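In what follows, a structure is listed as structure tokens, so that the remarks can point back to it.
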Amino acid sequence: PHFIIHLPKCKQDICFNIDSEPGKILNLVSDPNLGVVVNGQLIGAKKLEETKTSTFFGTIAIYYKKQDMKVEISTERISVTNGKHAHLFTWEETGNMTQNGVRISIKKDTYITVSVNEEISFMVLLHRVWKKHPVNVDFLGFYTPHTNMFSPEVHGLLGQFFSEPEVKVFNVHPGSDPKKPEATMEVKGHKLAVTRGWQKDYRADKVYGTNVYCWFIHNSGKGFIDGHYKDYIVPHLDSFLQRP
Amino acid sequence: SIFTADEVENEEVEVETGDGIHIYSYKVEARITSRFAHTTICSRVVNTAQHAQSVVFNMQIPKSAFITNFTMNVNGITFIGSVKEKTVARSLYAKARARGKAAGIVRTNSNDMEMFRTEVHVPEGSKIQFEIHYEEMMQRKLGVYEYNLNLQPGKLVPQFQVDVYIYEPKGIAFVRAPNSLGEHFEGLVKVTTSNQKAHVCFKPTLHEQRKCHNCSSTAVDGVFTVQYEVIREDNGGDLQVSNGYFVHFFAPINLSPLPKNIIFVIDISGSMWGLKMKQTVQAMQTILDDLGHDDFFSIIDFNHNVRCWSDELVPATSIQTSEAKKYIQEIQPNGGTNINEALLRATHMLSNAMNYGVTDPRSVSMIILVSDGDPTVGEIKLSAIQKNVKKRMRDEFSLFSLGIGFDVDYDFLERIALENRGMAQRIYANQDASQQLRDFYQQVSSPLLRKILIEYPDEAVTDVTQNSFDKYFSGSELVVAGRVEPHGYSVLQSVITASSGTMDLSLQAEADVHELDEILALQRHVNPGFARQLWAYITVNQLLAERSLASTAAKKRKITQKIVSMALEHQFVTPMTAMLVESESGDERLLADSPKGPKQDCCAGSSVMGRKGLLTNGPPPWAQSPTAQPTALAVKAPLVEALPNRITLVEND
């Protein structure tokens, strides 16, 4: 999956890919103080592409510990579990559910939003592909606004950027691809070679997406994210990130 | 000829039945389109005897069905049915009767079926064709729609065929045709299914119909059953628009049940002694075992006194339920019946539990009353009991009534249940009563949603049937129907709000206004007018329920007028209408009237014909006594000569 991090203070968008294996669960947001965790489980494409399996998010799980409430969204169905109560929905329906400050909205075949106490909200977007496509599979996109009011303890592949790092981009020069200039980025004490490119935001246009121009970090976000991407692999869909 | 060439050929088939009446063809076709079943039964008969005699057409029809048409053709004279307001039909019938040109169609009651029986006296060689149509909505119970057809041809039939065609636009999950007719017919029912369509066919040959190799009697005698379920992808339900009407089937699945607080109020008066009590105890053993860990319960048993197994609701732990089972087993029925006091005690117990916060605020509180008789002790005026209970029942409580046998005033039990957000069921006091009690309990044991409101844009629809419901139970279905404004939107939308175990839900459903009609137009064996008839069916049934709750005569009259008007427009034989069956010339008439409810009847669970007190006249006097007719007359005799001067008629109201 590709990640786009919007940094509002420096008005930059940074992007990176995480290449992992199907079945692995990546922690996206982990806020132990608020008791909110978001994890995504990877699925693979149907076939290898140039010796590599493309991976996507097949399941996104949002767990709100204080209410013991778990929202598990896959490309097939949506399950909402609260203690021993479980409700199942499909992408075929449109509806809202509210419970103790948690609001879940499903827009048929399009997206789901989950908001907690009107302070935090997430959106999961459904990408349906042609069922008989030889390679592609249905997958999910995950969006979270930078206005979310997480605690300072928030972490995760996305969560760590709610506290905006200082980013400096300099030494912009032409790259091997004339459309993609290269530069040096200074972030978190690292100097990284970055490439200008674009990634897609599918919220406004689900089919073609909207290009978001960003500085691309190579090697699975190495140097931009804290630690290694493997540090963000968690055992269960409701696991909080264990910080080293 | 009223017979097809095929059937004429079949006249060669010799089916010796002794009485000279040969049924050449018995065909049933049911078209179930989106839960609405239209059944046509057609029987073709010849009197091959050397004398005139009576020919009987007997059919058992589900009580929940409305007869919509009956036609008869005797030697080329066609009798056509038309639904009329009851007094009009009776008056026309009376005139014909006065001229000796009338015959009766009798309808009587059995457990779930009512008998439709007509009998004509015809000369030798006469060919008669009977055709009856009736319509009903398939009710989803415990996750299944069940279509039942009573097959009792009484004789071997060269052309015997049952076809059940099912069309469900959202797809069929499964179709089953359990062999309910006995081992004899094992493997003879053919089920063909595709995504949205199913065809169930039963076509036994003459040989297969025979009870034994050389027998001349038929083994076809019983209920032919087809069960099916539809595919449900959407918790918002299946909204369908056709022919200017909409139908919305709401049956969400995959929701956790709500916890329940349940008080069993059991009649232990003397009349319960014996089988009824034994069956109730048996049922309660299972019911108590089925209670969930989140449930609270208690038991109140009453005769002239009211006793509580526990004065307050207790959690349904294994210890408590086993204590309760022991208590029930030791009950010895005797004494009178004090329904009023028992129900008031139950409401008091529920109120206390709620006031003291014993129960979960989102739980469902229910009283299940099991009684077999009218009140005899304490308050015995039914209207006063109804009033007392209504006054004490909170909006959060529901009352479910189970009336065992026929000594009970079922109408009262139904009224009191409907008025208090519950429902009623008659339990037939036979060996099966325990199972009936358990089945009823199962239907209400898993409430999934509370306070369900199904809404549509005001400007898009009119004449919407009941759209707010107190509860939705797992395995059932809520159905709302209405008219769609002709110049409205191209897509009809609906918003459903409800409260589940832990959350408040708001779901949406939508349907294209034209799409289904285009699809139906391409289908065979469907009923394109299903939505209109389904809407009318639901409306009439709701009006009948409203009528029974009407507090004044004026209100009742107004509702009656509405029912009559709907029934005339949609040709339903209801308790307020009757079907007049007339010859083309209009000078000979038959009347199909609705039967009396089995009230205060003595013979619970007995066979239809064994029941007393239903027929005001005895069986038709000519039924068993063939009378010879001159041969010359018999061939081309007008029916008027053959019809009896005496009539039989079911009276009601």
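Values below: all heavy atoms of this structure, side chains included; hydrogens, waters and symmetry mates excluded. Each chain gets a letter, A, B and so on, in the order its sequence line appears, and its residues count up from 1. All of these numbers come straight from a predicted model, not from anything done at the bench.
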Tell me whether [X] at atom [atom1] has more than 12 heavy atoms from other residues, nucleotides or ligands lying less than 6.0 Å away.
| X | atom1 | answer |
| --- | --- | --- |
| Asn195(B) | CG | no |
| Lys65(A) | NZ | no |
| Leu522(B) | CG | yes |
| His236(A) | NE2 | no |
| Asp458(B) | CG | no |
| Lys47(A) | NZ | no |
| Tyr111(A) | OH | no |

Hey, does [Y] have a side-chain heavy atom less than 4.5 Å from the side chain of [X]?
| X | Y | answer |
| --- | --- | --- |
| His87(A) | Ser500(B) | yes |
| Asn82(A) | Met503(B) | no |
| His85(A) | Arg362(B) | no |

Segment of Ile253(B) engaging chain A (4.5 angstrom heavy-atom cut-off):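 Contact with chain A involves the backbone of Ile253(B) alone.
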Let me know if Pro252(B) has heavy atoms under 4.5 Å from chain A in its side chain, its backbone, both or neither.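 Neither part; nothing is under 4.5 Å.
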Apply side-chain contact (heavy atoms from CB on, under 4.5 Å) to Lys70(A) and list each qualifying residue two or more places apart in sequence or on a separate chain.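 Expected list: Tyr63(A), Glu72(A), Thr81(A), Asp238(A).
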Taking atom OG1 of Thr94(A) and atom CD of Gln493(B), what is their separation to the nearest 0.5 Å?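 Rounded to the nearest 0.5 Å, the OG1-CD separation comes to 8.5 Å.
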Approximate separation, where rounding is to 0.5 Å, of Asn235(B) CG and Leu88(A) CG: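 Interatomic distance, Asn235(B) CG to Leu88(A) CG, rounded to 0.5 Å: 8.0 Å.
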Between Arg103(A), Gln67(A), Glu92(A), Glu93(A), who has the most heavy-atom pairs with chain B when the cutoff is under 4.5 Å?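 Max contact count across the listed options: Glu93(A).
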What part of Val102(A) gets within 4.5 angstrom of chain B, counting heavy atoms only: side chain, backbone, both, or neither?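 Neither part.
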Under the criterion side-chain contact (heavy atoms from CB on, under 4.5 Å), I'd like the reasoning laid out for Phe89(A) against Leu507(B): C-alpha separation, chi angles, the key distance, then a yes or no. CA-CA 10 Å; Phe89(A) 301 91; Leu507(B) 302 163; 4.0 Å; yes
Can you tell me which of Asp294(B), Leu505(B), Thr497(B), Leu448(B) forms the most heavy-atom pairs within a distance under 4.5 Å of chain A?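 Option with the greatest count: Leu505(B).
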Less than 4.0 angstrom from a charged side-chain N to a carboxylate O is my criterion; do Asp234(B) and Lys108(A) meet it?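 No, Asp234(B) and Lys108(A) are not salt-bridged.
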Answer yes or no: is there a donor N or O on one side and an acceptor on the other, between the side chain of Thr90(A) and the main chain of Glu233(B), under 3.5 Å?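 Confirmed, Thr90(A) side chain pairs with Glu233(B) backbone.
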Show the atom names and distances, to 0.1 Å, of all donor-acceptor pairs under 3.5 Å that link a side chain in residues 113-126 of chain A to residues at least two apart or in another chain.
residue, atom, partner, partner atom, Å
Asn117(A), ND2, Tyr64(A), OH, 3.1

Taking all non-hydrogen atoms of both residues into account, name the closest pair between Ala86(A) and Ser256(B) and its distance.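 The pair with the smallest heavy-atom distance is N-OG, 2.5 Å.
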